[in-house]
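The next block holds one structure in the form of structure tokens; read it before the comments.
Throughout, a chain's letter reflects where its sequence line sits, starting with A, and its residues are numbered from 1. Just so it is clear, the structure is predicted and the values come from calculations on it, not from any experiment.
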Amino acid sequence: MINEFPRVRFAPSPTGYLHVGGLRTALYNYLFAKHNNGKFILRIEDTDRTRLVEGAVENLIDTLKWSGLDYDEGPLVGGDCGPYIQSERLDIYNQYVKKLIENKKAYYCFCSAERLDKIREEQQLQKLQPKYDKHCLQLSAEEIEQKIKNGESYVIRLNVLPSEKIHINDIIKGDVEFDSSVIDDQVLLKSDGYPTYHLANVVDDHLMKITHVIRGEEWLSSTPKHVLLYDYFGWERPVFAHLPLLLNIDRKKLSKRQSDVAVEDFRDKGFLHEALVNFVALLGWTAGDDVEYYHIDELINKFTLERVNKSGAVFDLEKLTWLNEEHLRKKSTPEIVDMFKKCYEKSTFTNTYSDEYFGMVVDAMRERISFAYEILIKSPFFFETPRNL
RNA sequence: GGCGCGUUCGUCUAGUGGUUUAGGACAUCGCCCUCUCAAGGCGAAGAUCACGGGUUCGAAACCCGUACGCGCUACCA
């Protein structure tokens, strides 16, 4: 148990659907919060206006709800640290960026995309790491004022000091050290006035009193930028925990090209949320005993970040299917009847039957199916009118 | 290319220096049960612990190197 009550967050980008990797991230945050009597917060990171998808936020919330991961604070339910949608917090980011500029921790940059592309190209040609050359750092206050007055578009960049060591102590990955010379002067505020992930994330995590940042491993490389921001603001860093990635059967990052990755795909294929959650919990975590069938309460009870693995895990559909069978069999007959009736209504069968009849069918078939709809496939004879021989 | 992370049966994993002839689960195969198919029970096969060096009386476990994989290297998250 952690001393103070932790506050954690799941911060997805509304780009269409909830990815199973995202579900696992959300789950681990949820389990950690519940295990330690903390709060689980949902925050929508919609700062990339070019990738916005209509209805994605609603879909995300619905899918999370279907999965059984109720959040304590966030869109719709509210909370003391709102708003929980980043596009509604623009003035907040501006305010904090101003402080950074005043303290020379950030600066205006008026460079064009063409110039940026050009220096990047040259650096790559010389096999150097592509980095911004701090060209605009030299600009005087008057020059900056004049350019802004002229309506030139600009971004705000993080002013990274060269050659200092940045240590990160990650609960899962352990001690990781970066040299600041490999860190680019990251754009914090884009020319459209929206913040980048790096700025918005740090400001919000601080303002929302997030104690533990539990997120995917793809963020580990940018964590030094975040740590720098915490230091520049004079804020206490949260505890970091970077989760290993979910992989395809070929050990590449789980992608839509090869398999279903959207939680809603699994839901639509008849997987039970209990099974999906149970399965995804086991992708990178074990209690250390040999238990593999879990109810959500048992997961909450046993989950600790210290027992999360370091290496990526392949998403194995066969094992998920087995867990679905296990969870399906734990359901009562009326519950399976309800599920099955929905499948039956969508089928080509037209006869009507009583719940008692469906109950008999379910009881006859429950040991023989992985999904409720399989009754239709494996035993269609229950629903066909017998013909005289 | 640079930086970072990782590497135990096909897959998910146990393992924190001696109890390990490396344990469990899914999948596979066999047997039992059984009018059938399942479920269930029992069992088999499957990992020279990526590779090479060290440290140690002893290493899957600790250290170094190599290989391979993955991630990041955007005014995307």
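The nucleotide B/rA14 finds no pairing partner, because no Watson-Crick or G-U wobble arrangement with both distances shorter than 3.5 Å includes it. Base-pair partner of B/rA67: B/rU7 (Watson-Crick or G-U wobble, both distances under 3.5 Å). Pair check for B/rC29 finds B/rG43; Watson-Crick or G-U wobble, both atom distances under 3.5 Å. Across all strands shown, B/rC62 pairs with B/rG54; the Watson-Crick or G-U wobble distances both stay below 3.5 Å.
Residue-level contact check: A/Thr50 touches neither bases nor backbone, having no heavy atom under 4.0 Å from any strand. Looking at heavy-atom distances under 4.0 Å, A/Gly216 makes no contact with the nucleic acid at all. Residue-level contact check: A/Arg307 touches the backbone only, with heavy atoms under 4.0 Å from sugar-phosphate atoms and none from bases. Nucleic acid contact for A/Arg366: none, since no nucleic acid atom lies under 4.0 Å from a heavy atom of the residue. Counting any heavy atom pair closer than 4.0 Å across all strands shown, A/Arg51 reaches a base atom. The residue A/Ser191 sits close to a base: some heavy atom pair falls under 4.0 Å. Residue A/Tyr194 is classed as having no contact, given no heavy-atom separation below 4.0 Å to the nucleic acid. At a threshold of 4.0 angstrom between heavy atoms, the contacts of A/Glu318 are confined to the sugar-phosphate backbone, with no base atom among them. Among the heavy atoms of the strands lying under 4.0 Å from A/Val176 are primed sugar atoms or P, OP1, OP2 only; no base atom is included. As judged by a 4.0 angstrom heavy-atom cut-off over every strand, A/Glu177 is placed among residues touching the sugar-phosphate backbone only. Among the heavy atoms of the strands lying under 4.0 Å from A/Asn309 are primed sugar atoms or P, OP1, OP2 only; no base atom is included.
Atom P of B/rA44 sits at a distance of 11 Å from the matching atom of B/rG23, rounded to the whole Å.
A centroid separation of less than 6.0 Å is found between the aromatic rings of A/Tyr197 and A/His226.
The ring pair (Phe, Tyr, Trp, His ring centres under 6.0 Å) test with A/His273 is passed by exactly one of A/Phe279, A/Phe266, A/Trp66: A/Trp66.
Side-chain proximity of A/Trp219 to the nucleotides B/rA77, B/rC75, B/rG6 is greatest for B/rA77.
For the pair A/Lys330 and A/Tyr293, the distance from NZ or CZ to the six-membered ring centre is under 6.0 Å and the angle to the ring normal is within 45 degrees.
Side-chain to base pairing of A/Lys319 with B/rA27: no donor and acceptor N or O lie closer than 3.5 Å to each other.
Remark: A/Glu236 CD is loosely packed, at most 12 non-hydrogen atoms of other residues, nucleotides or ligands lying under 6.0 Å away.
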